[in-house]
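We use all heavy atoms of the structure for the numbers below, so side chains are in, but hydrogens, waters and symmetry mates are not. Because the structure is predicted, anything quoted here is derived from the model rather than measured. Read the numbers this way: they start at 1 and go in the same order the structure lists the ligands and their atoms.
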Amino acid sequence: MVENIIEVNHVSKSFGGVHANIDISMAVKKGSITGIIGPNGCGKSTLFNSIVGYHPIDTGSITFEGREISKLLVGPIARLGLLRTFQQTRIYSKMNCVDNMQISVSHRSDARHGFFASRKGEILDRANHLLEFVGLYSKRNLISGDLSFGQQKLLEFAMALMNEPKVLLLDEPTAGINPTLINGLIDRLQRANQELGITLCVIEHNMRVIMNLAEHIYCLSNGRMLADGKPQDLQNDQRVIDAYLGGH
Ligand code: ADP
Ligand code: MG
């Protein structure tokens with residue numbers, strides 16, 4: 001039996017008169033890399049925000065590991081192991097890399113109760129290990145604002161890994177990154193999936209990237225789910241070509 005770690009069932013979300021998501025249903029298979037594509041403004045980021053509890057949904061349900069989460073807030077959902085990264089990087093640009101890594105854990109609410117102090121050495125070890133994992137170990141003491149944009153994206157990815165997610169939602173991880181670093185990032189995403197066992201769901205504009213990365217892809221258009229399937233199926237789907245590929 002296929003186990004879906006996330007299930008989105010008939011979710012709608014409006015902002016005033018803007019129907020950002022209309023009756024969206026999708027599933028993320030445990031252990032998979034799942035892709036989400038669609039033209040700008042079609043509701044991809046909104047869907048991620050709904051899943052992680054950033055805003056309430058209007059109708060529908062969302063489950064994580066079989067448990068209804070659509071009424072939970074961001075913090076409790078994150079503690080279940082469901083995290084997202086943002087389209088814009090969110091690092092502290094005046095701090096060095098290793099401090100950014102450590103602070104990404106201390107932001108969790110249990111830090112108030114001495115959690116961070118009692119695990120300081122363990123957290124530093126983990127920070128160094130993950131900086132090595134993304135290829136930034138030699139830059140660990142550099143001010144993160146001095147890194148290239150692509151390196152900052154890698155740092156942000158490593159910061160998300162600090163919190164040991166079961167599922168990581170990545171919003172356009174390769175946007176603005178040069179082609180050389182894109183290949184490095186794809187490799188790290190695949191290794192995080194295979195070696196660390198993290199389920200990934202990736203919004204991606206770069207078709208080459210998503211076709212190579214994802215085993216199943218959902219395509220949104222105008223707030224609705226237009227089509228889904230294996231990369232090669234979607235590539236040949238006239239609705240997808242018309243809505244997305246043809247327009248780029
Ligand atoms: P995508 O990520 O696919 O580019 P978004 O989910 O960001 O699309 O946006 C979908 C639609 O919802 C857009 O029309 C956008 O302007 C609108 N929208 C998204 N977030 C908000 C918000 N917080 N308030 C008002 N409108 C929003
Ligand atoms: Mg977006």
Side-chain angles (χ1 to χ4, degrees), residues 6-28 33-62 64 69-75 77-78 82-91 149-150 152-154 156-157 159-160 165 167-177 182 185-186 189 200-211 213-214 216-229 231 234-235 237 239-248:
I6 295 175
E7 284 186 2
V8 173
N9 299 303
H10 303 291
V11 164
S12 295
K13 174 69 185 174
S14 296
F15 300 102
V18 178
H19 300 289
N21 284 161
I22 306 161
D23 197 29
I24 298 281
S25 294
M26 65 170 286
V28 176
I33 302 181
T34 299
I36 299 178
I37 61 172
N40 264 335
C42 72
K44 304 179 300 295
S45 295
T46 299
L47 179 59
F48 269 15
N49 284 333
S50 296
I51 293 172
V52 300
Y54 185 74
H55 54 215
I57 57 175
D58 300 334
T59 55
S61 81
I62 302 170
F64 177 64
I69 57 165
S70 61
K71 302 283 188 295
L72 299 181
L73 301 175
V74 171
I77 290 177
L82 175 50
L83 293 181
R84 67 163 296 177
T85 64
F86 291 85
Q87 236 168 310
Q88 307 297 323
T89 50
R90 294 195 170 190
I91 58 173
F149 182 70
Q152 291 183 17
K153 286 274 196 177
L154 280 168
E156 198 189 23
F157 175 55
M159 286 165 66
V167 178
L168 191 54
L169 310 181
L170 296 144
D171 197 344
E172 302 198 19
T174 69
I177 301 187
I182 285 182
L185 183 63
I186 293 174
L189 295 181
L200 300 178
C201 186
V202 185
I203 294 174
E204 183 53 64
H205 232 68
N206 184 321
M207 292 307 292
R208 179 182 67 83
V209 170
I210 203 65
M211 293 292 165
L213 200 55
H216 197 92
I217 299 176
Y218 289 88
C219 180
L220 299 185
S221 174
N222 289 324
R224 294 182 188 275
M225 189 61 74
L226 182 71
D228 73 284
L234 281 203
Q235 236 170 344
D237 189 317
R239 294 168 302 170
V240 176
I241 294 166
D242 290 346
Y244 185 63
L245 300 173
H248 284 256

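Thr34 contributes no side-chain N or O that, together with a main-chain N or O of His216, makes up a donor-acceptor pair within less than 3.5 Å.
Using a 4.5 Å heavy-atom threshold, the side chains of Met159 and Ile91 count as touching. Counting heavy atoms from C-beta outward, Asn40 and His205 have side chains that approach closer than 4.5 Å. The shortest side-chain heavy-atom distance between His55 and Thr46 falls under the 4.5 Å cut-off.
Close contacts of ligand 1 with Thr46, meaning ligand atoms under 4.0 Å from a residue heavy atom, involve 5 (P), 6 (O), 9 (O), 10 (C), 19 (C).
Polar contact with ligand 1: absent for Val18 (N/O pair, distance under 3.5 Å).
More than 12 heavy atoms of other residues, nucleotides or ligands shown are found within 6.0 angstrom of CG on Asp58.
If you check each of Gly17, Gly41, Ser14 against atom 10 (C) of ligand 1, the one with the closest non-hydrogen atom is Gly41. Between the choices Ser45, Pro39, Gly43, the shortest heavy-atom distance to atom 7 (O) of ligand 1 belongs to Ser45.
Not a single heavy atom of Gly38 sits under 4.0 Å from any atom of ligand 1.
Contact annotation: Ser45 places an N, O or S atom under 2.8 Å from the Mg ion (ligand 2).
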